[in-house]
Engineer: 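Encoded as structure tokens, here's the structure I'll be asking about.
Just so it is clear: chains get the letters A, B, ... in the order the sequence lines come, proteins before strands, and each one is counted from 1.
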There are 2 protein chains.
Amino acid sequence: MSESPTEFSIGDLAREFDLTTRTIRYYEDKLLLKPERRGKQRIYSKADRTRLKLILRGKRLGWNLDEIFEVIQLYNSPDGEKRQLELMVKKIGHSRTTLLDQQEDIKMALQELDEIEERCSVQLQQLITHANTQEV
Amino acid sequence: MSESPTEFSIGDLAREFDLTTRTIRYYEDKLLLKPERRGKQRIYSKADRTRLKLILRGKRLGWNLDEIFEVIQLYNSPDGEKRQLELMVKKIGHSRTTLLDQQEDIKMALQELDEIEERCSVQLQQLITHANTQEV
DNA sequence: CTTGACCTTTACGTTAACGTCAACTTAATC
DNA sequence: GATTAAGTTGACGTTAACGTAAAGGTCAAG
């Protein structure tokens, strides 16, 4: 069986996700990551790597680092205090609303792209047809 | 029948979309809008207003203004030159890929939110149950 | 005719998210 | 054990997307 590594250097992650180490350290500054240390060296666990994936997904959806921080907090289940749990449920709802709105935007954008492409195809087809009739 | 306006001032649009006039002028700087002028005054048509909506949708999806410019260009059907049309079809495909990727990210994020919320609900339910049994 | 509500351009300021040195330490390799 | 590759902490630089303030033009209402 192929061994999958259990810990990573900052360079490992930078290579894997095509980031600079500067970027990964910046995310730590912003409290998005908290790797262990071996001396001064940063050691990233599988969980850290997963968090980084979450960060990058947030970026692809256009969220800023503060927003991403908020959402990542949701993944750390709270200590079981009622007030905390209720606040969490509220934040989850808010996050879901944002996502559903984005989903709607994407649906409409895709529809419009289809229409535009359709018109393009028709025009291209016409060009080809006319070219052929002229050749003959 | 209620009349819907056919042209808009910069203040009209700012109010409607909750933007500053500075922002709208900035979009013009970046060639995302090209309103008519009455003297020095900017006059926005319905088409301009639609473009602004497209810009804001792009923003909600996390695109920068250059990317938004590219996509908006797709809405201006080209002059019918074959080379142009083909390039356009290619850009449409690229844009669609981006959107589909985002759609996938959102799907996964929503699934994870569901799981997190489920765990929260269970914990809250447990809290309530224990509170009740203690009260009796 | 002046007041107030809008509009204009010009220009400098601000913040997030890094990039880019520099100066140094630690780890791996020949 | 010297070299080289990778990691560390500052600290200053950069760019996009506006904010903000200055200085002024236009036009209807009182």
Side-chain angles (χ1 to χ4, degrees), chain A residues 3 5-46 48-49 51-73 98 102 105, chain B residues 5-45 48-49 51-73 98 102 105:
Chain A
E3 309 280 327
T6 169
E7 49 180 57
F8 311 87
S9 75
I10 194 168
D12 291 339
L13 295 184
R15 244 164 285 132
E16 178 172 2
F17 298 106
D18 195 28
L19 304 169
T20 67
T21 59
R22 173 70 174 96
T23 296
I24 297 178
R25 287 195 200 96
Y26 184 69
Y27 293 161
E28 187 175 347
D29 270 18
K30 294 289 157 169
L31 308 179
L32 296 177
L33 293 172
K34 291 176 196 173
E36 308 273 303
R37 297 277 181 147
R38 188 166 299 153
K40 304 192 102 185
Q41 222 101 326
R42 292 170 174 81
I43 309 288
Y44 296 87
S45 67
K46 282 196 159 191
D48 291 323
R49 183 165 162 277
R51 277 174 81 100
L52 184 51
K53 277 191 192 175
L54 282 180
I55 295 170
L56 297 179
R57 190 175 70 193
K59 294 233 79 184
R60 285 195 299 274
L61 294 177
W63 305 350
N64 67 38
L65 296 187
D66 286 350
E67 290 164 341
I68 292 174
F69 178 79
E70 283 288 314
V71 174
I72 282 187
Q73 291 313 305
T98 302
Q102 286 187 298
D105 281 328
Chain B
T6 168
E7 50 181 57
F8 310 87
S9 75
I10 194 169
D12 292 338
L13 295 184
R15 243 164 285 132
E16 177 172 4
F17 297 107
D18 194 28
L19 303 170
T20 67
T21 58
R22 173 68 174 94
T23 297
I24 297 177
R25 287 195 200 96
Y26 184 69
Y27 293 161
E28 186 175 347
D29 269 17
K30 293 291 156 165
L31 308 180
L32 296 176
L33 294 171
K34 291 176 197 171
E36 307 274 303
R37 298 275 181 150
R38 187 166 300 153
K40 303 191 102 187
Q41 224 100 324
R42 292 169 174 82
I43 309 288
Y44 296 88
S45 68
D48 291 324
R49 183 165 163 277
R51 277 175 82 100
L52 185 50
K53 278 191 192 177
L54 282 179
I55 295 170
L56 297 180
R57 190 175 71 192
K59 295 234 78 184
R60 286 194 300 274
L61 294 178
W63 304 349
N64 68 38
L65 297 186
D66 286 351
E67 289 165 341
I68 292 174
F69 178 79
E70 283 289 315
V71 174
I72 282 186
Q73 292 311 306
T98 302
Q102 286 187 296
D105 281 329

Engineer: At the 4.0 Å heavy-atom cut-off to chain A, mark where contacts on DNA chain D begin and end, going 5' to 3'.
Structural biologist: D:dG7 to D:dA11
Engineer: For A:Arg22, is there an ion pair with A:Glu28 - N to carboxylate O distance below 4.0 angstrom?
Structural biologist: no
Engineer: Using every non-hydrogen atom in the two residues, find where B:Gln102 and A:Leu61 come nearest and quote the distance to one decimal.
Structural biologist: O-CD2, 3.9 Å
Engineer: Does A:Asp29 use its side chain to pair, donor to acceptor, with the backbone of A:Tyr26 at less than 3.5 Å?
Structural biologist: no
Engineer: Check salt bridge (charged side-chain N to carboxylate O under 4.0 Å, His left out) between A:Asp12 and all other residues, then give those that pass, not counting sequence neighbours.
Structural biologist: A:Arg15
Engineer: Which parts of residues 14-31 of chain A get close to DNA chain D, meaning a heavy atom less than 4.0 angstrom away?
Structural biologist: A:Arg22, A:Arg25
Engineer: Apply side-chain contact (heavy atoms from CB on, under 4.5 Å) to A:Phe69 and list each qualifying residue two or more places apart in sequence or on a separate chain.
Structural biologist: A:Leu31, A:Leu32, A:Gln73
Engineer: Does a side-chain N or O from B:Ser9 land closer than 4.0 Å to OP1 or OP2 of C:dC6, or not?
Structural biologist: no
Engineer: What are the two closest heavy atoms between A:Lys40 and A:Arg37, and how far apart are they?
Structural biologist: O-NH1, 2.8 Å
Engineer: State which residues pass side chain to side chain donor-acceptor pair (under 3.5 Å) with A:Glu7; sequence neighbours excluded, sorted by chain then number.
Structural biologist: A:Arg38
Engineer: Does anything in residues 53-61 of chain B reach DNA chain D, meaning a heavy atom under 4.0 Å, and if so which residues?
Structural biologist: B:Lys59
Engineer: Between protein and nucleic acid, restricted to nucleotides 24-30 of chain C and to nitrogen or oxygen atoms under 3.5 Å apart, what atom pairs and distances do you find?
Structural biologist:
none

Engineer: Please give me the minimum heavy-atom distance between A:Tyr44 and A:Ser9, naming the atom from each residue.
Structural biologist: CD1-C, 4.0 Å
Engineer: Under the side-chain contact (heavy atoms from CB on, under 4.5 Å) test, which residues partner A:Lys34, sequence neighbours left out?
Structural biologist: none
Engineer: Identify, with sequence neighbours excluded, every residue that meets salt bridge (charged side-chain N to carboxylate O under 4.0 Å, His left out) alongside B:Glu36.
Structural biologist: none
Engineer: Take atom CZ of B:Phe8 and atom P of C:dC7, then tell me their distance rounded to the nearest Å.
Structural biologist: 14 Å
Engineer: Let me know, please, whether B:Trp63 or A:Asp12 comes out on the 5' side of the other along DNA chain D by nearest nucleotide.
Structural biologist: A:Asp12
Engineer: How would you list, by chain and number, every residue that makes a side chain to side chain donor-acceptor pair (under 3.5 Å) with B:Arg60, sequence neighbours excluded?
Structural biologist: A:Asp105
Engineer: For B:Glu70, check side-chain contact (heavy atoms from CB on, under 4.5 Å) against everything at least two apart and list the hits.
Structural biologist: B:Lys91
Engineer: Excluding sequence neighbours, so at least two apart, what forms side chain to side chain donor-acceptor pair (under 3.5 Å) with B:Arg49?
Structural biologist: B:Glu16
